[in-house]
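Quick caveat: nothing in here was measured; it's all calculated off a predicted structure.
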Amino acid sequence: MQNILSKLKIGQQILIVGLIGIVGILAIVGIYLWNIERQAAAEATMATALTNRTVETDIRIAMLQARRHEKDFLLRRSLNDAELHSTGMQEMQERFASLAANLVVPETRRLASEIEGNVKEYADQFAAVRKAVETVGLDETKGLLGELRAAVHDVEDKLKAVDKPRILVSMLMMRRHEKDFLARLDPKYGDELRQRLPEFDAALEAAALAPELKADIRKKIEIYQKNFFRMVEASLAEVTEVKKLSAIYAVLEPKLAELDRRVTGRYETIRAERDDIRATGQSIVTLATALITILVGIMAWLVGRGIARPVVQLTDATERLARGELEVEVTGTERRDEVGRLAGSVQVFKSNMIERERLAGEQREAQVAKEQRRTLVEEYTTAFDRSVQDALGTLSSASTEMRATAEGMSATAEETSRQASVVAAASEEASANVQTVAAASEEL
């Protein structure tokens with residue numbers, strides 16, 4: 001990797017680090033946005049599941065309230081409770097429509113559809129129960145109970161007008177069976193009441209009453225009996241309808257529990273998936289951030305190391321070259337970046353210093369040779385001067401002797417003077433030659 005980077009310029013290397021950082025940031029942003037989108041989808045799914053759970057809970061609560069209104073209606077026989085029950089059933093149908101529109105699991109949708117059908121059947125059966133109750137009578141003044149009460153009061157009013165204890169006892173026994181039936185809704189009490197009729201007829205026949213009164217009492221007792229058995233039939237029908245209603249609810253209740261389990265389970269599953277998506281997304285973003293940071297750090301370290309280390313080496317080499325250590329090795333000349341160019345410059349500086357050192361050495365050697373030649377010339381010149389001075393000394397001594405003998409040798413004076421002139425000329429010529437030799441030495 002370092003070799004690859006060394007073939008690029010520093011600006012290009014820094015650009016690569018920057019591009020890696022930018023690409024990494026874009027990747028992290030992309031992962032974050034992707035995770036946000038996944039979370040949004042999961043949140044939307046969870047919101048739908050939560051809505052379904054809320055609606056399903058409302059349905060169960062509404063069903064429980066309907067059961068409460070059902071029990072209140074059967075206990076208090078109040079139309080207000082029946083109306084509340086009907087209203088609750090209508091609201092439940094609306095909730096089922098909302099639930100069916102949001103359920104995505106086919107099995108759950110089919111279960112909800114079954115429950116909706118059972119709820120409708122339950123509502124229809126409650127309507128049948130309500131009709132049966134109203135037929136029997138909401139209170140003692142309405143329905144068959146009202147008719148029975150009116151009929152029995154007519155009979156009792158007629159019997160009060162006559163003082164016949166046997167007839168009254170027989171009537172009271174029938175009323176007892178009537179009350180027992182109303183209290184227990186057991187058909188045997190109807191049969192027992194029917195068995196009291198011959199006893200009542202015998203007592204009425206044996207009583208000393210006008211035939212018209214007997215006929216009237218017998219007619220009224222027949223109406224009473226007819227109303228009673230109609231009331232018995234209606235009451236038993238009411239019991240049957242209530243049992244059917246309870247049977248329908250017995251089928252409906254476990255289905256409601258199963259629907260609650262599925263809807264709640266679906267919500268919990270989606271919420272767990274949402275939490276898992278959130279945690280996974282955060283882990284991916286964290287991991288991607290760490291990887292990008294590590295990658296950018298490694299690249300920055302490689303680029304920095306690839307620049308700093310050669311620069312330090314070149315700085316050290318330059319300092320050593322400045323101290324005259326020409327044997328130092330210049331590294332990095334093979335690089336193609338600015339560091340390679342700097343290394344090339346240092347190498348050129350080293351080469352120039354080596355060449356300058358070589359030329360300085362040659363100059364020193366030439367100077368030494370020149371000094372040696374100059375010394376030799378000076379030695380030759382000194383020796384020559386010494387020889388000339390010796391010659392001049394010799395000539396001067398000869399001249400002195402000649403002057404001393406001049407007085408004795410008058411005849412030869414002119415000759416001696418002439419020879420002296422010749423010697424002086426020779427001396428001047430010798431001095432000129434010495435100067436010539438000195439000039440030649442200087443020139444050499």
Side-chain angles (χ1 to χ4, degrees), residues 39 41-134 185 236-279:
Q39 288 188 26
E43 290 287 351
T45 305
M46 192 180 74
T48 301
L50 179 60
T51 300
N52 292 340
R53 184 182 181 186
T54 302
V55 173
E56 185 272 332
T57 301
D58 291 341
I59 289 174
R60 287 191 299 112
I61 293 174
M63 196 65 213
L64 292 175
Q65 289 177 343
R67 287 288 287 176
R68 188 192 71 182
H69 296 316
E70 170 197 335
K71 300 303 180 183
D72 290 341
F73 173 72
L74 293 177
L75 179 64
R76 296 182 297 202
R77 310 178 82 84
S78 171
L79 286 178
N80 182 52
D81 294 323
E83 293 299 329
L84 290 175
H85 188 280
S86 299
T87 302
M89 289 294 99
Q90 293 176 1
E91 293 177 354
M92 195 179 303
Q93 293 294 330
E94 295 174 359
R95 291 188 177 96
F96 267 112
S98 174
L99 183 63
N102 293 326
L103 290 176
V104 295
V105 181
E107 293 79 4
T108 307
R109 189 185 301 115
R110 283 195 295 269
L111 178 61
S113 179
E114 291 179 7
I115 294 174
E116 185 178 8
N118 293 140
V119 169
K120 186 177 185 303
E121 184 181 2
Y122 171 81
D124 294 340
Q125 184 59 35
F126 179 81
V129 170
R130 176 180 177 177
K131 182 178 180 181
V133 170
E134 290 179 346
L185 296 178
L236 294 178
E238 177 187 339
V239 171
T240 302
E241 298 298 333
V242 171
K243 287 181 178 180
K244 290 180 180 180
L245 186 65
S246 298
I248 293 173
Y249 184 79
V251 174
L252 179 61
E253 188 175 20
K255 292 183 179 181
L256 286 172
E258 177 64 16
L259 180 64
D260 177 67
R261 186 187 66 80
R262 292 190 179 188
V263 172
T264 303
R266 171 74 175 171
Y267 170 75
E268 296 297 336
T269 300
I270 292 175
R271 186 174 69 173
E273 290 176 355
R274 190 278 311 270
D275 295 340
D276 183 65
I277 288 173
R278 180 180 298 173

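Residues Arg68 and Lys71 fail the side-chain proximity criterion, which asks for heavy atoms closer than 4.5 Å.
By the 4.0 Å N-to-carboxylate-O rule, Glu268 lies close enough to Arg271 to be salt-bridged with it.
Taking Asp275 as the reference, nothing meets the salt bridge (Lys or Arg N to Asp or Glu O under 4.0 Å) condition, with sequence neighbours excluded. Not counting sequence neighbours, the partners of Arg67 by the side-chain hydrogen bond (donor to acceptor under 3.5 Å, both in side chains) test are Glu70. A search for salt bridge (Lys or Arg N to Asp or Glu O under 4.0 Å) contacts involving Glu273 returns nothing, not counting sequence neighbours. Partners of Ala128 by side chain to side chain contact (heavy atoms under 4.5 Å, CB included), not counting sequence neighbours, listed by chain and number: Gln125, Glu241. With sequence neighbours left out, Arg77 forms a side-chain hydrogen bond (donor to acceptor under 3.5 Å, both in side chains) with Glu238.
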- Task: Start with the C-alpha gap between Val129 and Leu74, add the side-chain angles, then the distance that decides, and say whether side chain to side chain contact (heavy atoms under 4.5 Å, CB included) holds.
- Result: CA-CA 9 Å; Val129 170; Leu74 293 177; 3.7 Å; yes

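Residue pairs meeting the ring pair (Phe, Tyr, Trp, His ring centres under 6.0 Å) criterion with at least one partner in residues 44-73, sequence neighbours excluded, are Phe73-Phe126. Identified under the side chain to side chain donor-acceptor pair (under 3.5 Å) test for residues 51-63, with sequence neighbours left out: Glu56-Arg60, Arg60-Asp260.
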Please list, one pair per line, the donor and acceptor atoms closer than 3.5 Å that link side chains of residues 114-121 to other protein atoms, with sequence neighbours excluded.
unit_1, atom_1, unit_2, atom_2, d
Asn118, OD1, Lys255, NZ, 2.9
Lys120, NZ, Asp124, OD2, 3.4

Can you list, pair by pair, the side-chain donor-acceptor contacts under 3.5 Å of residues 86-97, counting residues two or more places apart and other chains?
unit_1, atom_1, unit_2, atom_2, d
Ser86, OG, Ala82, O, 3.1
Thr87, OG1, Glu83, O, 2.9

Could you give the side-chain donor-acceptor pairs of residues 99-109 under 3.5 Å, partners two or more places apart or in another chain?
unit_1, atom_1, unit_2, atom_2, d
Asn102, ND2, Ser98, O, 3.4
Arg109, NE, Leu103, O, 3.4
Arg109, NH2, Leu103, O, 2.9

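A distance of 11.0 Å separates CG in Leu84 from CG in Leu79, rounded to the nearest 0.5 Å.
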